[in-house]
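Chain naming here is simple, since letters A, B, ... match the order of the sequence lines and numbering starts at 1 in each. Bear in mind that the values here come from a model prediction, so they are computed numbers and not experimental data.
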Amino acid sequence: MPELPEVETIRCGLQRSLPGRRITAITIQRPSLLNNPPRRFRRCLCNRTFGAVLRRGKLLILSLLPDEPAAPRYLTVHLRMSGGLTYTAQARSDARVIFKLDNGMQLIYTDQRCLGQLEVVDNWQCLPLVRSMGPEPLEPNFTLACLMQILSGSGTPIKNVLLDQHKIAGIGNIYAAEALFAAGIDPRRPAAGLSHAEAGKLLAAIKSILRAAIHCRGTTFNNYRDSRGKQGSFVRRLNVYGRAAAACMQCAQPIQRIVQAGRSTYFCACCQR
DNA sequence: AGGTCGACCTGGCAGC
DNA sequence: TGCTGCCAGGTCGACC
């Protein structure tokens with residue numbers, strides 16, 4: 001579900017609500033979602049106060065004020081395929097973890113498929129996932145030279161490279177497909193085979209699509225919701241993802257669906273070369 | 001070393 | 001109606 005734009009939308013929403021709020025109680029319906037023993041998880045978080053909400057790639061990082069000197073400083077949340085975090089006054093029957101807050105509100109973690117992970121850590125920068133992450137695609141240091149470096153020497157299909165979080169952080173299946181369509185590049189082409197001009201088009205497409213998706217508060221396909229429970233509207237602006245056999249918006253030829261590295265890829269064989 | 005594939009899970013949906 | 005099989009936005013580890 002949640003790729004960079006969805007996680008960033010949730011981050012923004014939580015940043016407006018959480019800082020300064022203290023956790024008064026925690027209900028754990030699904031201990032398997034925690035990367036810490038449940039008792040330690042609860043002990044580390046009860047009575048702690050939230051600080052700033054950060055993001056790296058698709059990982060949410062909820063910082064905690066250092067009110068106890070040796071206590072862990074962060075709660076990290078990876079939503080994986082179907083996770084979500086909602087700030088709400090209402091109870092939810094599908095809650096997997098509930099954080100009760102000192103103002104009567106709750107932070108509720110939901111996750112239909114239970115593939116997500118929550119973890120209390122001292123230092124999120126040291127997590128193996130974070131240490132091995134590629135650059136943030138919306139940062140100014142993600143330049144054409146940077147992208148060319150990532151593509152060089154790789155015979156892997158360009159779509160698979162875009163999905164590889166070690167190479168670029170935050171792009172998932174939806175936005176990889178959309179960026180390749182916008183750049184007019186066939187997802188099956190070897191990454192190293194892209195010309196300088198094509199890489200430039202792809203770079204611009206990645207940045208503009210991620211920015212537009214954040215502006216639309218993400219893409220709701222099935223169950224993604226933002227931190228207030230609202231759907232994202234970028235689904236209306238998808239050109240290829242999820243549109244197998246439908247007419248291409250540019251040339252009216254049918255959109256193709258193929259499988260690459262075990263994942264669906266949608267593209268227009270006429271517009272993408 | 002670099003790439004691919006299945007496992008991890010649950011629930012919605014299509015087809016019979 | 002009810003059962004079965006397939007599919008899903010991510011990541012990791014085993015394997016080639």
- Query: What nucleic acid atoms does Q165(A) come within less than 4.0 Å of, heavy atoms only: base, sugar-phosphate, or nothing?
  - Reply: sugar-phosphate
With a non-hydrogen cut-off below 4.0 angstrom, is L129(A) in contact with a base, only sugar-phosphate, or nothing?
sugar-phosphate
What integer distance in Å separates [X]:[atom1] from [N]:[atom2]?
| X | N | atom1 | atom2 | value |
| --- | --- | --- | --- | --- |
| D111(A) | dA8(C) | CG | C1' | 13 Å |
| L163(A) | dT4(B) | CG | C1' | 13 Å |
| E6(A) | dG10(C) | CD | C1' | 13 Å |
| K159(A) | dT4(B) | NZ | C1' | 14 Å |
| Q260(A) | dG10(C) | CD | P | 14 Å |
| M133(A) | dC12(C) | CE | C1' | 13 Å |
| L151(A) | dG2(B) | CG | P | 15 Å |
| Y266(A) | dG9(C) | OH | C1' | 10 Å |

Tell me whether the OP1 or OP2 atom of [N] has a side-chain N or O from [X] closer than 4.0 Å.
| X | N | answer |
| --- | --- | --- |
| K167(A) | dG2(B) | no |
| K58(A) | dT11(C) | yes |
| H78(A) | dT11(C) | yes |
| S82(A) | dA8(C) | no |
| T219(A) | dG9(C) | no |
| N160(A) | dT4(B) | yes |
| Y175(A) | dG9(C) | no |

Q: Consider only side-chain N and O atoms of T110(A) and R225(A), and report whether a donor and an acceptor are under 3.5 Å apart.
A: no
Next on the checklist: Quick one about K100(A) and T24(A) (side-chain donor to acceptor, distance below 3.5 Å, no hydrogens or angles considered), yes or no?
Outcome noted: no
Is it true that [X] and [Y] make a salt bridge, defined as a side-chain N closer than 4.0 Å to a carboxylate O?
| X | Y | result |
| --- | --- | --- |
| R228(A) | D226(A) | no |
| R11(A) | E8(A) | yes |
| R21(A) | D102(A) | yes |

Can you check the distance between [N] and [M], where both ends of the measurement are the [atom1] atom (answer in whole Å)?
| N | M | atom1 | value |
| --- | --- | --- | --- |
| dC7(C) | dC5(B) | P | 15 Å |
| dG5(C) | dA7(B) | P | 16 Å |
| dG13(C) | dC9(B) | P | 14 Å |

Output for pair (R42(A) CZ, T27(A) OG1), nearest 0.5 Å, gives 7.5 Å
dist I26(A):CD1 -> L45(A):CG (nearest 0.5 Å) comes out at 4.5 Å
Under the rule of Watson-Crick or G-U wobble with both distances under 3.5 Å, where | means paired to another strand and [ ] a crossing pair, DNA chain C maps to .|||||||.|||||||
Strictly under 3.5 Å: I want the nitrogen or oxygen pairs between protein and nucleotides 6-9 of chain B, one per line.
from	atom 1	to	atom 2	distance (Å)
dC9(B)	O2	R113(A)	O	3.3
dC9(B)	O2	R113(A)	NE	3.3

Residues T219(A) and Y175(A): closest non-hydrogen pair is OG1-OH, 2.6 Å
By ring-ring contact (aromatic ring centres under 6.0 Å, His included), F50(A) pairs with (sequence neighbours left out) none
N173(A) has its side chain closest, among dG10(C), dG11(B), dG3(B), to dG10(C)
### Query
Do the side chains of Y266(A) and L163(A) join up, straight or via other hydrophobic residues, at under 4.5 Å, putting them in one cluster?
no
task = Before giving the answer on salt bridge (charged side-chain N to carboxylate O under 4.0 Å, His left out), spell out for R92(A) and D94(A) the whole-Å C-alpha distance, their side-chain angles and the decisive distance to 0.1 Å.
result = CA-CA 5 Å; R92(A) 286 189 59 159; D94(A) 59 347; 2.9 Å; yes
